[in-house]
Structures are given as C-alpha cells and as structure tokens.
2 protein chains.
Amino acid sequence: MKTDTPNNHQPDMPEEINGLRMTRQRQEVYRLLTRERTHPTANEVFMRIKEALPNVSLATVYNCLEALVQHNVIRQVNFDREPSRYCSNLDEHGHFHDEKTGKIHDVKFKSGVSLADVLDLPPNTVIKDVEITLRGQLSAS
Amino acid sequence: MKTDTPNNHQPDMPEEINGLRMTRQRQEVYRLLTRERTHPTANEVFMRIKEALPNVSLATVYNCLEALVQHNVIRQVNFDREPSRYCSNLDEHGHFHDEKTGKIHDVKFKSGVSLADVLDLPPNTVIKDVEITLRGQLSAS
DNA sequence: GATTGGATCAAGAACTATTCTAATTATTTC
DNA sequence: GAAATAATTAGAATAGTTCTTGATCCAATC
Ligand SMILES: [Mn+2]
Ligand SMILES: [Mn+2]
Ligand SMILES: [Zn+2]
Ligand SMILES: [Zn+2]
C-alpha cells in the first residue's frame with residue numbers, strides 16, 4: 001500500500017492552461033490560489049502546499065508561480081518592496097491594502113470608465129498594463 | 001588652501017524641511033532629485049552625487065533617501081521588483097513607464113475626478129494613499 | 001573657546017526575497 | 001523502451017536594502 005503523494009495529474013484539472021502544461025506541482029499551486037484568494041506570498045504558498053505535496057521545494061513554488069504568471073494564468077502583485085503576492089483573479093482590478101487587518105481586497109473598476117477619463121496622459125500613448133494600489137482602512141462606520 | 005568639500009550647509013537651501021534637518025548630504029540628494037526628474041535609483045543618486053560629495057557612501061545615500069521619504073520631502077516609487085526610484089514631485093501623480101525608452105514620466109490626475117468615480121470601492125473606505133503605475137509605449141504617431 | 005550629548009555619517013557585515021546551478025527525476029517523442 | 005526534453009529539487013549565489021558599530025559633526029551649554 002503506497003501512501004505517498006505521486007506526481008500524477010489530477011482528473012479535475014485540464015492538461016494545459018494557456019499552453020502551459022499543468023504538472024502536478026503547478027496544479028496544486030494554481031488550485032491553492034483559486035481556493036484561497038488572500039494574495040499569498042510565495043512562502044505562504046510553499047507552506048500551505050506541503051499538505052498536498054510534502055516534498056515540494058520553495059524553488060519549485062517559485063518556478064510554478066513564474067510559469068503561471070508568464071502564461072497569464074495568475075497575476076503577480078507587488079506592494080512597495082514587500083514580498084510579491086499572487087492572485088488568481090484575471091479580471092482587470094486593483095488592490096486595496098487594509099492597514100487595520102493587513103488583508104488585501106480586490107477592487108473592480110466601474111464599468112464604462114477608461115483611464116483616459118482620469119489621467120492626463122500624453123497623446124499617442126499605448127497603455128499595455130495598469131496597476132492601481134490603494135492603502136487605507138475600512139472604517140467601522 | 002583647502003579644496004576639499006566640507007560638510008557645510010549651503011546658503012540656497014533651508015536649514016530644515018518638514019522638520020528634517022537638511023544636512024549637506026541630504027541637501028545634495030534632494031538637490032539632485034529636483035534637478036534631474038528622471039526618478040533615479042539609490043545607486044544612480046550615489047554615482048551622480050559623488051561630483052559634489054566625493055566621500056559620500058551608498059549607505060548615506062540610502063539614509064538620506066529614507067529620511068527624506070519619511071518626512072515627505074520626496075517620494076519612493078516602485079515598479080514591480082525593480083530597484084526603488086525616487087521622485088521630488090510631491091503633487092499626487094502616477095507613473096508611466098515607457099517600454100521603448102525606459103524613461104518614466106509623471107502623469108497628473110485630471111482635475112475634478114475622484115477615485116470613487118472609477119473604482120468600485122467597498123463602503124466606508126478611507127484611502128490614505130494611491131499608487132497608479134502604467135506600462136506601455138509612446139507611439140510615434 | 002572647550003565640553004558634551006545627540007544626530008549623522010561611513011564602512012562593511014548581515015539580511016532576505018529571489019534567481020541560478022547542477023544533479024535528479026518525470027514526461028514526451030521516436 | 002531508449003533518447004531527448006522538460007520539470008523538480010537542494011543548495012549556492014545574487015542584489016537591493018538594512019543593520020551595526022565606531023567615527024565625526026554640530027548645536028547648545030559651560
Ligand atoms: Mn514571495
Ligand atoms: Mn535603489
Ligand atoms: Zn487580486
Ligand atoms: Zn514621479
């Protein structure tokens with residue numbers, strides 16, 4: 001009776017996402033990020049993923065995260081110089097960092113508004129990526 | 001005849017800014033950032049400031065930058081995990097990173113628009129700081 | 001003008017998130 | 001199933017930044 005965790009592909013996960021082969025390790029990293037939407041750091045992913053993959057290494061977690069980011073399966077989120085965090089929400093959104101709780105909340109853009117409405121951009125500017133980060137508190141009304 | 005550069009206060013700079021004593025080193029760091037608005041890194045500040053202060057150390061540059069940031073005399077700007085950059089523009093503004101030239105441009109907010117107009121913020125949210133970063137190209141029309 | 005205490009500075013060590021290297025293992029291709 | 005390719009692992013290396021410690025500066029007091 002073998003009780004160890006094999007590197008087998010799980011049935012409830014596609015073989016590939018965006019052209020990236022979903023190995024067992026990548027599956028588990030991705031699964032964790034979709035389950036826990038708390039924007040964990042690489043180290044937090046590493047610690048929590050040991051349950052499913054006891055022999056995984058931190059280097060592999062970094063490798064998986066990088067591969068998933070590169071193939072637009074997840075997003076990397078940075079706050080100042082803090083450790084990078086990772087997010088499985090692919091909708092365009094910003095991040096609100098609640099200083100009280102330390103939690104990070106996804107913030108949607110209102111529909112129908114464009115950045116050009118808000119920012120004084122130089123003419124002929126092609127924006128490829130936008131990052132909006134907010135810091136503050138969710139005041140108890 | 002002494003030709004070395006003493007740590008004397010320069011006459012064209014106030015003794016204090018926002019309660020921070022403007023030592024010779026802090027003056028030169030601040031002067032550089034107001035003169036060159038290219039958002040240099042700590043290392044770039046270090047290399048360029050040697051002209052005025054040949055004996056300055058990188059640690060002192062970091063100390064000066066941190067003191068100036070802490071006292072809201074300059075702002076620290078981060079792009080992903082690249083080295084921090086520093087900005088003497090205190091107006092609320094975002095940063096557009098031109099991928100073609102590598103240059104960073106300040107981007108003003110249009111007057112009269114608030115973030116609440118654009119973002120779907122949770123109710124009772126007190127925003128203390130906003131960071132907007134754009135990445136793209138200034139297309140030659 | 002000397003003394004003194006706190007602030008600042010300099011040099012290098014230490015730290016930490018991340019990346020790299022090299023060896024092993026897994027998967028795909030032939 | 002052998003060979004080629006890709007992924008994983010453990011640990012070393014890297015780089016930006018911070019810390020530590022001793023020297024220096026400086027403003028206030030004697
Ligand atoms: Mn991390
Ligand atoms: Mn820097
Ligand atoms: Zn998110
Ligand atoms: Zn700026």
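Throughout, protein chains are lettered first and strands after them, A, B, ... in sequence-line order, and every chain is numbered starting at 1.
- OP1 or OP2 of C:dT18 has at least one side-chain nitrogen or oxygen of A:S84 nearer than 4.0 Å.
- A donor-acceptor pair under 3.5 Å is absent between the side-chain atoms of B:R135 and the main chain of B:E99, judged by distance alone.
- Surrounding NZ of B:K110 are more than 12 heavy atoms belonging to other residues, nucleotides or ligands, all under 6.0 Å away.
- At the phosphate of D:dT9, OP1 or OP2 sits under 4.0 Å from a side-chain N or O atom of A:Q25.
- Using a distance-only test at 3.5 Å, with no hydrogens or angles considered, a donor-acceptor pair links the side chain of B:R81 to the main chain of A:E82.
- Between B:L115 and the options A:V107, A:L134, A:V118, a side-chain contact (heavy atoms from CB on, under 4.5 Å) holds for only A:L134.
- Of the candidate nucleotides D:dT8, C:dA7, C:dC20, C:dC20 has the atom lying nearest to any side-chain atom of A:A59.
- Atom CD of B:Q27 and atom C1' of C:dA7 are 16 Å apart (whole Å).
- With no hydrogens or angles considered, no side-chain donor-acceptor pair links A:H95 and A:H97 at under 3.5 Å.
- Spacing between atom CZ of B:R81 and atom C1' of C:dT16 amounts to 10 Å, rounded to whole angstrom units.
- Between A:T60 and D:dT9 there is a side-chain polar atom (N or O) within less than 4.0 angstrom of OP1 or OP2.
- Heavy-atom distances to DNA chain C give each of A:E82 and B:V56 a nearest nucleotide, and the one nearer the 5′ end belongs to B:V56.
- B:N89 contributes a side-chain N or O that, together with a main-chain N or O of B:D91, makes up a donor-acceptor pair within less than 3.5 Å.
- The separation between B:N43 atom CG and D:dT18 atom C1' is 15 Å, rounded to whole Å.
- No engagement by B:E66 is indicated, since no non-hydrogen atom pair under 4.0 Å with the nucleic acid exists.
- Phosphate proximity of C:dT18 to A:Y62: present, with a side-chain N or O under 4.0 Å from OP1 or OP2.
- Using a 4.0 Å heavy-atom distance criterion, B:T23 is classed as a sugar-phosphate-only contact.
- If you check D:dT17, D:dA10, C:dA10 against the side chain of A:S57, the one that comes closest is D:dA10.
- In this model, no donor atom of one side chain and acceptor atom of the other lie less than 3.5 Å apart for A:H93 and B:D120.
- Nearer the 5' end of DNA chain D, as judged by each residue's closest nucleotide, is the contact made by A:V61, out of B:R21 and A:V61.
- Stem analysis of DNA chain D (at least three stacked-register Watson-Crick or G-U pairs, each with both distances under 3.5 Å) gives C:1-30 with D:1-30.
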